[in-house]
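Here's the structure we're looking at; comments come further down.
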Amino acid sequence: MRRRTGPETPRRATSPARLLALAVLLALLPALSPSALAAPGARAAESAPTASLSKKEAGKGGEITVSGKGWRGEALLMLLICGQATPERGVIGGTNACANGAGRAVTTDEKGAFSKKLPVAEPPEPCPCVVHVATVTGEQASADAAFTVAGHPTAELPRRTGGGKLAVLAATRLEGDSSLLTWFGAPPARRLVLTVGNLGPAPVEDPVFEIGTAHGVYAPQWEEHQWRGTVAPGARARIALPVELSAGAHGDYQISLRYGKKVLAEQPWGVGRPWGVTLFWVLLCLVVPAAVFRIGMAIVDRIRPRAVGAHRTTGARRGPAVTTGGLRRTAPVARTARPAAVDDTDATTAVLPWFTPDSAPSENRPRPTTKGQA
């Protein structure tokens, strides 16, 4: 009987199945090159929203075509020409540095692309300028394309203050009261007051905040407010920003404060119903019909015919003469019209009912007697 020796094990390691797997692995090594490993990042960069211009420079009154791709499908975008901005630093002064009156809106297609003509206008701030493209609703996204407005002034950009970082140090609150006009539908107004601190190493100068107003399930509507002042590193500042709703607003609102892309604070606001407007409409529904009814009755009373034989004053007749101060005057006596059916003879011979011929006082009274007469 033979015993198997050691070389049997290496023979199993070099089996044909393992050799085939090793060959497949060696064939796939070229696909794992550095360019292939960087493909996901490249694809992410390609999917970032972009904006391109048909012209890099144009004068006021001209027109350029703005195109873009990589945006969210069927998204509403805003196109603006802004001053004091570059694609690297963005729009420093916010939309206050943009020509908002000449802006345009466009909706992307299903693939996230768009093309829109934009009139050239001079922004309120000097160049360098950009064409700013940003989403209006939904997830925030923006892109800037360098542009030069011919003939527009040019100035250096303000000093970079990117090292500042603001944070809320105390609870926010809404200050202010409603006036009598608010009870009749005037826009409710308050002041959003908060205390912020600069946690960064650089000062923050004239920060631009965004105040969002949300009602019910609707997304907040953002409005920019610039606070004038400087918050030094490690310092704090009290900031008060105006908040105003639309006329006749009532219900539960949510006020949000955002700086940059970070929401700093949220504050609920319950607005009462303007009952003065309701009272006004109720009174209007009561007074107007009553006034119309009174006017109609006055017109009917004036145009309706009078009844036949109605007593009317026809004039004055002269009465008995009166002597005053040696002068003889005749007093006027009011005379009224008599009905035609009354006879004058009956009026002169009429006898009072309580004096009849049989019961006259002169006949029933005893005759006086003469003294000495039997």
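Remember, it's a predicted structure, so these values are computed and weren't measured experimentally.
- Among all heavy-atom pairs drawn from His132 and Cys82, the shortest one is CB-SG, 3.7 Å.
- Residues Val120 and Phe147 are in side-chain contact: their nearest non-hydrogen atoms beyond the backbone lie under 4.5 Å apart.
- Side chain of Arg190 to main chain of Gly176: a donor-acceptor pair is present (N/O by atom type, distance under 3.5 Å, no hydrogens or angles).
- To the nearest 0.5 Å, atoms CD (Gln267) and CD1 (Ile211) are separated by 12.0 Å.
- The line from CG of Leu279 to CH2 of Trp281 is 12.5 Å long, rounded to the nearest 0.5 Å.
- At a threshold of 4.5 Å between non-hydrogen side-chain atoms, the residues Pro233 and Pro203 count as touching.
- Side chain of Asn198 to main chain of Gly234: no donor-acceptor pair is present (N/O by atom type, distance under 3.5 Å, no hydrogens or angles).
- When the shell of 6.0 Å around CG of Asp177 is examined, it contains 12 or fewer heavy atoms from other residues, nucleotides or ligands.
- Between His215 and Tyr253, the ring-plane angle classifies as parallel under the 30° and 60° cut-offs.
- Phe280 and Leu180 are not part of a single hydrophobic cluster, where members link through side-chain heavy atoms under 4.5 Å apart.
- Rounding to the nearest 0.5 angstrom, the gap separating the NZ atom in Lys55 from the CD1 atom in Ile64 is 9.0 Å.
- The minimum heavy-atom distance between Leu157 and Arg89, with the atom names listed, is CB-NH1, 3.8 Å.
- Leu181 and Trp275 fall into different hydrophobic clusters, where Ile, Leu, Val, Met, Phe, Trp and Tyr residues are linked whenever their side-chain heavy atoms come under 4.5 Å apart, directly or through other members.
- Transitive grouping of hydrophobic side chains (ILVMFWY, heavy atoms separated by less than 4.5 Å) keeps Val263 and Val168 in distinct clusters.
- For the atom pair OG1 (Thr135) and CG (Leu77), the distance works out to 7.0 Å, reported to the nearest 0.5 Å.
- The structure places CG of Leu166 at 5.0 Å from CZ of Phe209, a figure rounded to the nearest 0.5 Å.
- The environment of Lys56 atom NZ is dense: over 12 non-hydrogen atoms of other residues, nucleotides or ligands sit within 6.0 angstrom.
- Residues Ser52 and Ser67 have side chains in contact (heavy-atom distance under 4.5 Å, counting atoms from C-beta outward).
- Looking only at distances, no side-chain donor or acceptor of Thr65 sits under 3.5 Å from a matching main-chain atom of Lys116.
- Pro119 places a side-chain heavy atom less than 4.5 Å from the side chain of Arg104.
- Proximity of Val131 to Asp144: side-chain heavy atoms (C-beta onward) are nowhere separated by under 4.5 Å.
- Dense packing is recorded around CG of Asp109, with more than 12 heavy atoms of other residues, nucleotides or ligands lying under 6.0 Å away.
- Judged by distance alone, with hydrogens and angles left aside, the side-chain atoms of Thr195 form no donor-acceptor pair with the main-chain N or O of Leu169 at under 3.5 Å.
- When every heavy atom of His152 is checked against every heavy atom of Cys129, the shortest pair comes out as CD2-SG, 4.4 Å.
- Shown here is Arg258, whose CZ atom has more than 12 heavy atoms of other residues, nucleotides or ligands within 6.0 Å.
- A pairwise comparison of heavy atoms in Ala145 and Pro87 identifies C-CG, 4.4 Å as the closest pair.
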If you apply the rule side chain to side chain contact (heavy atoms under 4.5 Å, CB included), what do you find for Trp222 with Ser256, and how did you get there? CA-CA 9 Å; Trp222 298 97; Ser256 304; 3.8 Å; yes
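- Thr230 contributes atom OG1, which lies 4.5 Å from atom CD of Glu205 (distance to the nearest 0.5 angstrom).
- The two residues Cys98 and Val91 come nearest to each other via the heavy atoms SG-CG1, 4.2 Å.
- A side chain to side chain contact (heavy atoms under 4.5 Å, CB included) with Ile239 is found for one member of Thr172, Leu194, Leu192, Val193 and no other, namely Leu194.
- The hydrophobic clustering, which links ILVMFWY residues whose side-chain heavy atoms are closer than 4.5 Å, places Phe184 and Leu284 apart.
- Checking side-chain atoms of Trp71 against main-chain N and O of Thr50 turns up a donor-acceptor pair under 3.5 Å.
- When all heavy atoms of Ala75 and Thr108 are compared, the pair lying nearest together is N-OG1, 2.8 Å.
- The same ILVMFWY cluster, assembled from side-chain heavy atoms under 4.5 Å apart, contains both Val271 and Leu241.
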Check step by step if side chain to side chain contact (heavy atoms under 4.5 Å, CB included) holds for Tyr259 and Val196. CA-CA 11 Å; Tyr259 178 68; Val196 298; over 6 Å; no
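- Within 6.0 Å of CD in Glu175 there are more than 12 heavy atoms belonging to other residues, nucleotides or ligands.
- Around the CD atom of Gln226, the shell of radius 6.0 Å holds more than 12 heavy atoms that belong to other residues, nucleotides or ligands.
- Side-chain contact between Met78 and Leu80 is present, with at least one heavy-atom pair separated by less than 4.5 Å.
- Side-chain contact check for His225 versus Pro242: some heavy-atom pair is nearer than 4.5 Å.
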